[in-house]
Amino acid sequence: MVDIVSRSDWGARAPRNRQTVGWGSRTEVTLHYSEGPTSQSVRSIQNFHMDVRKWSDIGYNLLVDEAGVAYEGRGWNTLGAHAAPRNVQGVGICFIGRDGMTPAAKRTVVELYDEACAKAGRTLARKGHRDVSSTSCPGANNYAWWTSPDFRDIAGTNTEGNDPLIGLRKGSKGEGVKALQVLIENAGVKLTRYGVDGGYGDETAEGLRKVRASVGSEAKRGYGDEVTGWAYAQLMTAVARKQGGK
């Protein structure tokens, strides 16, 4: 389950109105890009949609930044304004930036897609904005990746600027997992059954979830199943606090 920054946490304005859509009506997940700099804030996108386009709220259901952090837009079950005439059918996810998504952003989009399919109880289609409207969105490279049968094969997990722990998940094995397990224990959660064995199983996943909870994450079930960018940041915060005696 993806840890999503809530509307209140990013300072959202109240919507003028909202309309609920049930999962029975959802058939696809539609990818967008904001076509602006990656420094755009979610609030600035909301302001543009509400003040310039005169929409009732930010158009997208969810947004993802270049670091792979997910943000609540209108939310899973609210009618969006992102891909007319298929706003009822589509859950709209927007990459904050232009064509050429980062590996971290791609991983989070895939996680959100998987969560949407789980909520719907079936496999949803993957579409780009250009599939339903006359537009270049979400960009040629982003579209090619998203609609490819190999969309889960995301290169660049260990490219410069990405910590090698980010992207590890249940089932991963090796030295990277050992490093993760050491950090979990350094954060104050002991892996008493298997210890530092290099295997990312239930104990490691639960350990990471507990670490995230210790620094204020909602940390629901499944929040330790993968080291997302947000999870990694919370892990390192917990380690720093433990080492500092806080």
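All values below come from the heavy atoms of this structure, side chains included, with hydrogens, waters and symmetry mates left out.
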Drop me the distance from [X]'s [atom1] to [Y]'s [atom2], to the nearest 0.5 angstrom.
X	Y	atom1	atom2	result
S217	R212	OG	CZ	4.5 Å
M101	T108	CE	OG1	8.5 Å
K106	D153	NZ	CG	10.0 Å
T123	D114	OG1	CG	9.0 Å

Are [X] and [Y] linked by a side-chain donor-acceptor pair shorter than 3.5 Å?
X	Y	value
Q89	T27	no
R13	N47	yes
D99	Y143	no
S8	S6	yes

Might you point out which heavy atoms bring [X] and [Y] nearest each other, and give the distance in Å?
X	Y	answer
A179	L165	CB-CD2, 4.0 Å
Y200	L208	OH-CD2, 3.5 Å
N142	F95	ND2-CD2, 4.3 Å
V132	A83	CG2-CB, 3.5 Å
D225	A205	OD1-CB, 3.6 Å

query = W146 vs Y113 aromatic rings, parallel, tilted or perpendicular, using cut-offs 30° and 60°?
reply = perpendicular
message = For R18, run the side chain to side chain donor-acceptor pair (under 3.5 Å) check against T78, D57, N77 and tell me which one passes.
response =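 Answer after filtering T78, D57, N77: T78.
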Do side-chain atoms of [X] reach the backbone of [Y] as a donor and acceptor pair under 3.5 angstrom?
X	Y	value
T237	A233	yes
S133	T135	no
R126	T30	no

message = Do the side chains of D3 and K220 get close enough for a salt bridge, i.e. N-O under 4.0 angstrom?
response = no
inquiry  = Closer than 4.0 angstrom, basic N to acidic O: yes or no for E226 and K170?
reply    = no
Please report whether the ring centroid of [Y] lies less than 6.0 Å from that of [X].
X	Y	result
Y60	H32	yes
H129	H82	no
F48	W55	no

inquiry  = Is any side-chain heavy atom of D197 closer than 4.5 Å to one of K178?
reply    =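 No; the side chains remain at least 4.5 Å from each other.
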task = Show your reasoning for whether side chain to side chain donor-acceptor pair (under 3.5 Å) applies to T102 and E66.
result = CA-CA 6 Å; T102 61; E66 63 177 343; 6.0 Å; no
query = Mind checking who shares a hydrophobic cluster with V88, ILVMFWY linked at side-chain heavy-atom distances under 4.5 Å?
reply =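 Traced through the cluster, V88 reaches V21, L79.
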task = Tell me, with the steps shown, if E203 and R193 meet salt bridge (charged side-chain N to carboxylate O under 4.0 Å, His left out).
result = CA-CA 8 Å; E203 183 178 53; R193 185 173 184 183; over 6 Å; no
ILVMFWY cluster, I4 and V69 together (side-chain gap under 4.5 Å) =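 Looking at the clustering, V69 is in a separate group from I4.
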request  = Check the hydrophobic clustering (I, L, V, M, F, W, Y; side-chain heavy atoms under 4.5 Å; chains of links allowed) and say if L191 and L235 are grouped together.
outcome  =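 Both belong to a single hydrophobic cluster.
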Test log, rule side-chain contact (heavy atoms from CB on, under 4.5 Å), inputs R7 and Q46 = CA-CA 11 Å; R7 290 174 63 91; Q46 184 191 39; 3.6 Å; yes
request  = Could you tell me whether W230 atom CH2 has more than 12 heavy atoms of other residues or ligands within 6.0 Å of it?
outcome  = no
